[in-house]
Amino acid sequence: TLVATSVIIQSLSSLVVLPTLSISSNFKKFNADSILQIFGSIITPADAAPQNVSWQLYDDIGALLQLEPLLLTSAMKVLQPNNSFTFALAAKPSSFVPGKSYVFRLQAVSPDDDVSFSQITLIANGPPTSGQFVVSPSQGTAFETYFLLSAPYWLEDESDYPILYSFRYTLKSLSSDASTSNITYMN
(Lines give C-alpha, C1' and ligand atoms only; values in the text may rest on other atoms or scores of the structure.)
Protein backbone atom coordinates (compact mmCIF):
# COMPACT_ATOMS: atom_id res chain seq x y z
CA THR A 1 0.00 0.00 0.00
CA LEU A 2 1.30 3.41 -0.98
CA VAL A 3 0.66 5.94 1.76
CA ALA A 4 1.30 9.66 1.58
CA THR A 5 1.26 11.29 4.96
CA SER A 6 2.40 14.83 5.27
CA VAL A 7 1.09 17.73 7.22
CA ILE A 8 2.32 21.02 5.88
CA ILE A 9 1.20 24.04 7.79
CA GLN A 10 0.91 27.59 6.57
CA SER A 11 -0.10 29.47 9.68
CA LEU A 12 -0.76 33.10 10.41
CA SER A 13 -0.96 32.55 14.16
CA SER A 14 1.28 30.67 16.57
CA LEU A 15 -1.41 28.65 18.39
CA VAL A 16 -2.96 26.71 15.52
CA VAL A 17 -4.43 23.23 15.88
CA LEU A 18 -4.86 21.60 12.48
CA PRO A 19 -6.11 18.17 11.45
CA THR A 20 -3.85 15.32 10.44
CA LEU A 21 -4.41 14.15 6.87
CA SER A 22 -3.19 11.08 4.98
CA ILE A 23 -3.91 9.49 1.61
CA SER A 24 -3.56 5.79 0.90
CA SER A 25 -3.51 3.96 -2.41
CA ASN A 26 -2.74 0.36 -3.36
CA PHE A 27 -1.18 1.49 -6.64
CA LYS A 28 1.18 4.01 -8.23
CA LYS A 29 -0.54 3.66 -11.61
CA PHE A 30 -4.24 3.55 -12.35
CA ASN A 31 -6.11 2.58 -15.50
CA ALA A 32 -7.25 5.75 -17.21
CA ASP A 33 -10.33 4.01 -18.65
CA SER A 34 -11.59 2.79 -15.25
CA ILE A 35 -13.10 4.48 -12.21
CA LEU A 36 -10.34 5.85 -9.97
CA GLN A 37 -10.83 5.59 -6.21
CA ILE A 38 -8.52 7.15 -3.61
CA PHE A 39 -9.14 7.36 0.12
CA GLY A 40 -8.03 10.11 2.45
CA SER A 41 -8.13 10.04 6.23
CA ILE A 42 -8.69 13.13 8.33
CA ILE A 43 -8.38 13.38 12.10
CA THR A 44 -9.51 16.67 13.60
CA PRO A 45 -8.43 17.31 17.20
CA ALA A 46 -10.98 18.33 19.82
CA ASP A 47 -9.53 21.85 20.05
CA ALA A 48 -9.47 22.45 16.29
CA ALA A 49 -11.85 24.80 14.52
CA PRO A 50 -14.28 23.44 11.90
CA GLN A 51 -12.35 22.63 8.73
CA ASN A 52 -13.19 22.95 5.05
CA VAL A 53 -11.67 19.80 3.59
CA SER A 54 -11.35 19.37 -0.16
CA TRP A 55 -9.69 17.32 -2.87
CA GLN A 56 -7.55 19.16 -5.41
CA LEU A 57 -5.86 17.99 -8.59
CA TYR A 58 -2.59 19.20 -10.09
CA ASP A 59 -0.84 18.21 -13.32
CA ASP A 60 2.79 17.10 -13.54
CA ILE A 61 4.05 20.71 -13.68
CA GLY A 62 2.01 21.85 -10.67
CA ALA A 63 -0.88 23.61 -12.41
CA LEU A 64 -4.22 23.36 -10.60
CA LEU A 65 -6.78 21.45 -12.70
CA GLN A 66 -10.59 21.44 -12.61
CA LEU A 67 -11.51 18.39 -10.56
CA GLU A 68 -15.29 18.74 -10.04
CA PRO A 69 -16.35 17.75 -13.61
CA LEU A 70 -14.35 14.51 -13.32
CA LEU A 71 -15.82 13.32 -10.03
CA LEU A 72 -18.48 10.82 -9.06
CA THR A 73 -18.19 12.01 -5.44
CA SER A 74 -18.15 15.39 -3.73
CA ALA A 75 -14.82 17.24 -3.63
CA MET A 76 -15.58 19.20 -0.44
CA LYS A 77 -16.74 18.55 3.12
CA VAL A 78 -16.90 20.56 6.34
CA LEU A 79 -15.53 18.67 9.35
CA GLN A 80 -16.23 19.52 12.94
CA PRO A 81 -13.67 19.20 15.74
CA ASN A 82 -12.99 15.85 17.43
CA ASN A 83 -13.79 13.86 14.32
CA SER A 84 -12.17 11.06 12.29
CA PHE A 85 -13.32 10.72 8.74
CA THR A 86 -12.44 8.77 5.58
CA PHE A 87 -12.95 10.97 2.53
CA ALA A 88 -13.28 9.04 -0.73
CA LEU A 89 -12.47 10.48 -4.13
CA ALA A 90 -14.00 8.65 -7.11
CA ALA A 91 -13.33 9.91 -10.64
CA LYS A 92 -15.16 8.95 -13.82
CA PRO A 93 -13.52 6.60 -16.32
CA SER A 94 -11.53 8.24 -19.13
CA SER A 95 -11.03 11.46 -17.14
CA PHE A 96 -7.23 11.34 -17.30
CA VAL A 97 -4.66 11.30 -20.11
CA PRO A 98 -2.73 8.00 -20.25
CA GLY A 99 0.97 8.40 -19.48
CA LYS A 100 0.58 11.62 -17.48
CA SER A 101 1.28 12.06 -13.77
CA TYR A 102 -1.29 13.68 -11.50
CA VAL A 103 -0.97 15.00 -7.95
CA PHE A 104 -4.03 14.40 -5.77
CA ARG A 105 -4.10 16.67 -2.74
CA LEU A 106 -6.37 16.43 0.28
CA GLN A 107 -6.41 19.83 1.95
CA ALA A 108 -7.92 21.23 5.15
CA VAL A 109 -8.41 24.98 5.62
CA SER A 110 -9.41 26.54 8.93
CA PRO A 111 -11.64 29.65 9.27
CA ASP A 112 -8.41 31.66 9.75
CA ASP A 113 -7.01 30.28 6.44
CA ASP A 114 -4.50 27.97 8.13
CA VAL A 115 -3.76 25.06 5.79
CA SER A 116 -2.67 21.46 6.15
CA PHE A 117 -2.58 18.90 3.38
CA SER A 118 -1.41 15.51 2.18
CA GLN A 119 -0.75 14.63 -1.44
CA ILE A 120 0.08 11.65 -3.60
CA THR A 121 1.33 11.41 -7.20
CA LEU A 122 -0.23 8.76 -9.44
CA ILE A 123 0.28 7.94 -13.12
CA ALA A 124 -2.61 7.33 -15.54
CA ASN A 125 -1.98 4.08 -17.38
CA GLY A 126 -3.29 3.46 -20.88
CA PRO A 127 -3.88 0.27 -22.84
CA PRO A 128 -1.16 -1.29 -24.98
CA THR A 129 -0.87 0.26 -28.46
CA SER A 130 0.27 -0.45 -32.02
CA GLY A 131 -0.46 -4.17 -32.02
CA GLN A 132 -2.42 -6.47 -34.23
CA PHE A 133 -4.70 -9.44 -33.71
CA VAL A 134 -4.12 -12.02 -36.44
CA VAL A 135 -6.08 -15.21 -37.20
CA SER A 136 -4.52 -17.59 -39.72
CA PRO A 137 -6.09 -18.92 -41.85
CA SER A 138 -8.90 -16.38 -42.00
CA GLN A 139 -11.46 -19.07 -42.93
CA GLY A 140 -11.87 -22.75 -42.18
CA THR A 141 -14.08 -25.51 -40.90
CA ALA A 142 -14.69 -26.13 -37.20
CA PHE A 143 -12.89 -29.20 -35.84
CA GLU A 144 -11.03 -29.64 -39.14
CA THR A 145 -8.97 -26.47 -39.54
CA TYR A 146 -6.24 -25.49 -37.10
CA PHE A 147 -6.34 -21.75 -36.45
CA LEU A 148 -3.35 -19.80 -35.23
CA LEU A 149 -4.30 -16.78 -33.10
CA SER A 150 -1.54 -14.26 -32.46
CA ALA A 151 -1.19 -10.73 -31.11
CA PRO A 152 2.16 -9.34 -32.31
CA TYR A 153 3.71 -5.86 -32.10
CA TRP A 154 1.93 -4.57 -28.99
CA LEU A 155 3.78 -1.78 -27.17
CA GLU A 156 3.48 -1.11 -23.45
CA ASP A 157 5.50 0.42 -20.65
CA GLU A 158 7.93 -2.23 -19.34
CA SER A 159 6.61 -1.81 -15.81
CA ASP A 160 3.26 -3.19 -17.04
CA TYR A 161 4.71 -6.46 -18.36
CA PRO A 162 3.68 -9.17 -18.80
CA ILE A 163 0.89 -8.31 -21.21
CA LEU A 164 -2.11 -10.61 -20.92
CA TYR A 165 -4.05 -11.48 -24.07
CA SER A 166 -7.54 -12.85 -23.93
CA PHE A 167 -9.34 -14.50 -26.85
CA ARG A 168 -12.98 -15.47 -26.78
CA TYR A 169 -14.96 -17.82 -28.92
CA THR A 170 -18.60 -18.92 -29.00
CA LEU A 171 -19.89 -22.39 -29.78
CA LYS A 172 -23.45 -22.77 -31.02
CA SER A 173 -25.20 -26.12 -30.79
CA LEU A 174 -28.13 -27.30 -32.87
CA SER A 175 -30.49 -26.23 -30.07
CA SER A 176 -29.24 -22.64 -30.63
CA ASP A 177 -27.90 -22.33 -27.07
CA ALA A 178 -24.59 -20.50 -27.15
CA SER A 179 -21.63 -21.38 -24.98
CA THR A 180 -18.80 -18.86 -24.57
CA SER A 181 -15.23 -19.71 -23.54
CA ASN A 182 -12.22 -17.55 -22.79
CA ILE A 183 -8.56 -18.31 -23.39
CA THR A 184 -5.92 -16.17 -21.70
CA TYR A 185 -2.32 -16.04 -22.85
CA MET A 186 0.56 -14.27 -21.14
CA ASN A 187 3.49 -12.87 -23.13
Side-chain angles (χ1 to χ4, degrees), residues 1-129 155-164 186:
T1 299
L2 182 65
V3 177
T5 304
S6 60
V7 177
I8 299 172
I9 301 169
Q10 298 171 347
S11 175
L12 300 175
S13 63
S14 60
L15 301 173
V16 176
V17 179
L18 293 173
T20 302
L21 297 101
S22 65
I23 302 170
S24 63
S25 172
N26 293 329
F27 46 84
K28 290 182 182 178
K29 278 187 173 182
F30 63 93
N31 289 329
D33 60 352
S34 298
I35 293 174
L36 169 66
Q37 287 188 310
I38 304 172
F39 298 94
S41 296
I42 305 123
I43 300 171
T44 55
D47 51 350
Q51 304 286 315
N52 290 317
V53 181
S54 63
W55 284 102
Q56 296 178 333
L57 177 65
Y58 296 85
D59 67 11
D60 53 357
I61 59 170
L64 182 62
L65 302 174
Q66 285 283 50
L67 183 59
E68 280 291 332
L70 311 178
L71 294 183
L72 297 167
T73 54
S74 173
M76 182 177 270
K77 301 240 185 252
V78 176
L79 291 184
Q80 299 302 317
N82 201 24
N83 196 350
S84 293
F85 185 73
T86 299
F87 193 1
L89 175 142
K92 299 172 189 172
S94 304
S95 295
F96 302 95
V97 178
K100 292 197 68 123
S101 294
Y102 295 91
V103 176
F104 295 88
R105 178 182 289 184
L106 182 59
Q107 178 173 289
V109 180
S110 75
D112 294 330
D113 291 329
D114 297 311
V115 177
S116 65
F117 66 89
S118 178
Q119 64 186 32
I120 191 167
T121 301
L122 301 175
I123 301 169
N125 189 29
T129 61
L155 300 175
E156 181 62 286
D157 182 15
E158 277 188 37
S159 66
D160 293 332
Y161 286 155
I163 297 175
L164 296 176
M186 187 176 359

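Throughout, residue positions are numbered sequentially from 1 according to the sequence presented. Worth knowing before you read on, the calculation uses all heavy atoms, side chains too, and leaves out hydrogens, waters and symmetry mates.
A 4.5 Å side-chain heavy-atom check between Lys29 and Asp157 finds at least one atom pair inside the cut-off. Side chains of Leu70 and Lys92 form no contact here, defined as non-hydrogen atoms less than 4.5 Å apart. Inter-residue side-chain proximity for Pro19 and Ser116 is flagged as met; some heavy-atom pair is nearer than 4.5 Å. Taking 4.5 Å as the limit, some side-chain heavy atom of Ser94 sits within range of a side-chain heavy atom of Asp33.
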| task | Give the C-alpha distance, both sets of side-chain angles, the deciding distance and a yes or no for side-chain contact (heavy atoms from CB on, under 4.5 Å) between Leu122 and Phe27. | result | CA-CA 8 Å; Leu122 301 175; Phe27 46 84; 3.9 Å; yes

| task | Show your reasoning for whether side-chain contact (heavy atoms from CB on, under 4.5 Å) applies to Val53 and Thr44. | result | CA-CA 11 Å; Val53 181; Thr44 55; 5.9 Å; no

| Would Tyr102 and Leu36 satisfy side-chain contact (heavy atoms from CB on, under 4.5 Å), going step by step from the backbone distance to the final call? | CA-CA 12 Å; Tyr102 295 91; Leu36 169 66; over 6 Å; no

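The shortest heavy-atom contact between Tyr161 and Glu156 is OH-O, 3.5 Å. Considering every non-hydrogen atom in both Leu106 and Ser22, the closest pair reads CD2-O, 4.2 Å. Minimum interatomic distance between Ala90 and Thr73 (heavy atoms only, all atoms of both residues): N-OG1, 3.1 Å.
A tilted orientation is assigned to the rings of Phe87 and Trp55, their planes being inclined by 30° to 60°. Ring orientation note: the planes of Phe104 and Phe30 are nearly perpendicular, at an angle over 60° on the 30°/60° scale.
Although no hydrogens or angles enter the test, the distance criterion places no donor-acceptor pair under 3.5 Å between the side chain of Ser25 and the main chain of Ile38. Judged purely by atom type and a 3.5 angstrom limit, Asp59 uses its side chain to pair as donor or acceptor with the backbone of Ile61. Within the 3.5 Å criterion, the main-chain N or O of Thr121 finds no donor-acceptor partner in the side chain of Tyr58. Gln51 places a side-chain N or O within 3.5 Å of a backbone atom of Ala49 that can act as its donor or acceptor partner.
Atom CG of Asn125 is separated from atom NZ of Lys28 by 14.0 Å, given to the nearest 0.5 angstrom.
Put simply, the residue from Leu65, Leu64, Leu67 that forms a side-chain contact (heavy atoms from CB on, under 4.5 Å) with Gln56 is Leu64.
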